[in-house]
**Q** 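This structure is in structure tokens; I'll ask about it shortly.
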Amino acid sequence: MIGKLILRRLLISIVILFAVSLIVFFATLLLPGDPARAILGQQATPERIDALNREMNLDSPPLTRYIMWLGGLFTGSLGTSVATGEPVSQLLSDRVGATLVLMIAAAAISIPAGIGLGIYSALRRGRPSDTAVSTASLVLAALPEFVVGIGLVTLFSTTVFSILPAVTMSPPGTQVWQFPSQLILPTAVLVLVVTPYIARMMRATMIEVLDSGYVEMARLKGVPERRVILRHALPHAVGPVAQVIAIQLAWMAGGVVVVEFLFRYPGIGQALIDAVNYRDVQVVQAVTMIVALIYIIVNLLADIVGILANPKLRTGGDA
């Protein structure tokens, strides 16, 4: 049963990704401008433009171009950047790695922090500590990421403390993760934006589970409280929270654009902004598909976690 559910989610994800590829490709065809002229410049002769169109298959029918572009996605051939003239795959290789480092670091902190705060708040329901956690998470959830970022820069990179760099300035030929201090503020922004949602959802589901009949029965049987929480309450609460975590990580794939722009972080978000400014269609298509792929993979993993964490599906019973 679990295998069938996972296979179904996988097939749905593939269909969604295919639909996204159709939308992205044909939507970018509507953008103004001639890619060949953008590459060669305004002084290019019609002969050179026609030759480049043939070389890049820009004179082919849209459906043929889409099929060739889709084939390139599977082989890693993402086209040529209009702005730099280099292959898009080469242009984005380091940037994808930089963005993944930022997202993984933020996820590794925010997920356990959010789950831990939610459990702590649920176990201390109605107490001052619960009120403090709930109020802080509500305030942080209401703040946009650029406000949180500006606040952290003001606090840690100006006259207040001035202990962390305000922008990312990696020397040429180096990777951003070679300078850990430059990762702190961008990661902190993502953590402070994502954690409150996870904590609030974890608190709500944990309170609901703690009030359920099977948890009360376990307590009446004399099961230690630690075991009640870890064996009986937590598995039932993780499923719904996994969906929220997936939504937040999927948001992170898109919201990282703002954070990277704010800190001049050399990731795919910054690459997307530069590509839009230069009308670099090939890069826009590639980055959009990368973000969509991350979004779909994260949601697929969340569905799998939710299925595996559901005791009814795991045991095949009604427990």
Side-chain angles (χ1 to χ4, degrees), residues 105-152 154-156 184-185 187-252 255 298-299 301-315 317-319:
I109 298 173
S110 60
I111 293 175
I115 292 175
L117 285 173
I119 295 174
Y120 174 81
S121 187
L123 293 176
R124 304 183 71 83
R125 178 178 17 170
R127 300 182 184 180
S129 55
D130 173 37
T131 303
V133 172
S134 299
T135 302
S137 63
L138 182 62
V139 171
L140 287 173
L143 295 176
E145 57 270 18
F146 69 88
V147 174
V148 177
I150 292 173
L152 291 181
T154 303
L155 184 61
F156 295 106
I184 295 177
L185 288 184
T187 302
V189 173
L190 294 176
V191 169
L192 291 176
V193 173
V194 169
T195 301
Y197 292 95
I198 301 175
R200 292 178 65 82
M201 185 62 183
M202 189 68 209
R203 177 185 183 276
T205 56
M206 197 68 179
I207 288 176
E208 182 180 353
V209 170
L210 289 174
D211 291 339
S212 63
Y214 52 85
V215 171
E216 290 294 331
M217 182 61 67
R219 286 171 170 166
L220 290 174
K221 290 180 177 179
V223 178
E225 186 67 15
R226 181 186 180 91
R227 187 177 179 185
V228 168
I229 295 171
L230 296 180
R231 290 289 302 274
H232 298 275
L234 187 59
H236 289 81
V238 164
V241 175
Q243 303 299 322
V244 174
I245 292 174
I247 292 173
Q248 293 307 307
L249 295 182
W251 166 88
M252 197 184 295
V298 167
N299 278 277
L301 292 176
D303 287 340
I304 293 174
V305 170
I307 292 171
L308 296 178
N310 189 330
K312 294 181 180 180
L313 297 175
R314 190 176 63 246
T315 61
D318 297 328

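Everything quoted here is computed from the prediction, not taken from an experiment.
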**Q** Applying side chain to side chain contact (heavy atoms under 4.5 Å, CB included), run through Leu190 and Ile109 and close with a yes or a no.
**A** CA-CA 10 Å; Leu190 294 176; Ile109 298 173; over 6 Å; no
**Q** Does Ala107 have any side chain to side chain contact (heavy atoms under 4.5 Å, CB included) partners at least two apart in sequence or in another chain, and if so, which?
**A**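 For Ala107, the residues satisfying side chain to side chain contact (heavy atoms under 4.5 Å, CB included) (neighbours in sequence not counted) are Ile111, Leu249.
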**Q** Please tell me if the side chains of Ile229 and Met206 come closer than 4.5 Å, counting only heavy atoms from C-beta onward.
**A**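 They are in contact (side-chain heavy atoms under 4.5 Å apart), so the answer is yes.
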**Q** Holding to side-chain hydrogen bond (donor to acceptor under 3.5 Å, both in side chains), I want the full list of residues that pass it with Thr205, two or more places apart in sequence or in another chain.
**A**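 side-chain hydrogen bond (donor to acceptor under 3.5 Å, both in side chains) list for Thr205, sorted by chain: empty.
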**Q** Between Gly149 and Val189, what is the shortest heavy-atom contact and its length?
**A**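 Heavy atoms of Gly149 and Val189 come nearest at CA-CG2, 3.5 Å.
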**Q** Evaluate the side-chain proximity of Leu234 to Ile119: yes if any heavy-atom separation is below 4.5 Å, no if none is.
**A**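 With C-beta onward as the side chain, the pair touches.
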**Q** Under the side chain to side chain contact (heavy atoms under 4.5 Å, CB included) test, which residues partner Ser137, sequence neighbours left out?
**A**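 Expected list: Pro196, Arg200.
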**Q** Taking Ala141's backbone N and O only, do any of them form a donor-acceptor pair with Tyr197's side chain (distance below 3.5 Å, no angle check)?
**A**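 Present.
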**Q** Using side-chain heavy atoms (C-beta onward) and a distance below 4.5 Å, is Val193 in contact with Trp251?
**A**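 Yes - at least one pair of side-chain heavy atoms lies under 4.5 Å apart.
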**Q** Closest approach of Leu140 and Leu192, non-hydrogen atoms and distance?
**A**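 So the two residues come closest at CB-O, 3.8 Å.
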**Q** Could you tell me which residues satisfy side chain to side chain contact (heavy atoms under 4.5 Å, CB included) with Ala246, sequence neighbours excluded, listed by chain and number?
**A**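 In terms of side chain to side chain contact (heavy atoms under 4.5 Å, CB included), with neighbours along the sequence ignored, Ala246 is linked to Val298, Asn299, Ala302.
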**Q** Look up atom CG in Leu123 and atom CD1 in Ile207, then write down how far apart they are to the nearest 0.5 Å.
**A**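 Going from the CG atom of Leu123 to the CD1 atom of Ile207 covers 9.0 Å.
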**Q** Does any non-hydrogen side-chain atom of Ile115 lie less than 4.5 Å from one of Ile245?
**A**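 Yes - at least one pair of side-chain heavy atoms lies under 4.5 Å apart.
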**Q** Please report the shortest heavy-atom distance between Leu152 and Ala188, naming the atom on each side.
**A**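 Leu152 and Ala188 have their closest heavy atoms at CD1-CB, 3.8 Å.
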**Q** Please give me the minimum heavy-atom distance between Leu210 and Ala233, naming the atom from each residue.
**A**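 Between these two residues, the closest heavy atoms are CD2-CB, 4.0 Å.
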**Q** With sequence neighbours excluded, what pairs up with Arg231 under the side-chain hydrogen bond (donor to acceptor under 3.5 Å, both in side chains) test?
**A**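 Per chain and number, Arg231 pairs via side-chain hydrogen bond (donor to acceptor under 3.5 Å, both in side chains) with no residue.
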**Q** Under the salt bridge (Lys or Arg N to Asp or Glu O under 4.0 Å) definition, can you give me all pairs with a residue in residues 110-127, not counting sequence neighbours?
**A**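 Found Arg125-Asp211.
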**Q** In chain order, what residues pass the side chain to side chain contact (heavy atoms under 4.5 Å, CB included) check against Thr131, with sequence neighbours excluded?
**A**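 Expected list: Thr135.
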**Q** Indicate the atoms forming the closest heavy-atom contact of Ser110 with Val194, along with that distance.
**A**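 Taking Ser110 first and Val194 second, the nearest heavy atoms are OG-CG1, 3.8 Å.
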**Q** May I have all residue pairs that pass salt bridge (Lys or Arg N to Asp or Glu O under 4.0 Å) and include part of residues 128-140, sequence neighbours excluded?
**A**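 Residue pairs with at least one partner in residues 128-140: Asp130-Arg203.
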**Q** For Glu225, is the CD atom crowded, meaning more than 12 foreign heavy atoms sit under 6.0 Å from it?
**A**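 Enclosed.
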**Q** Applying side-chain hydrogen bond (donor to acceptor under 3.5 Å, both in side chains), can you list everything that pairs with Glu216, at least two apart in sequence or on another chain?
**A**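 None.
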**Q** Please collect all salt bridge (Lys or Arg N to Asp or Glu O under 4.0 Å) contacts where either partner lies in residues 106-119, sequence neighbours excluded, each pair once.
**A**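 Residue pairs with at least one partner in residues 106-119: there are none.
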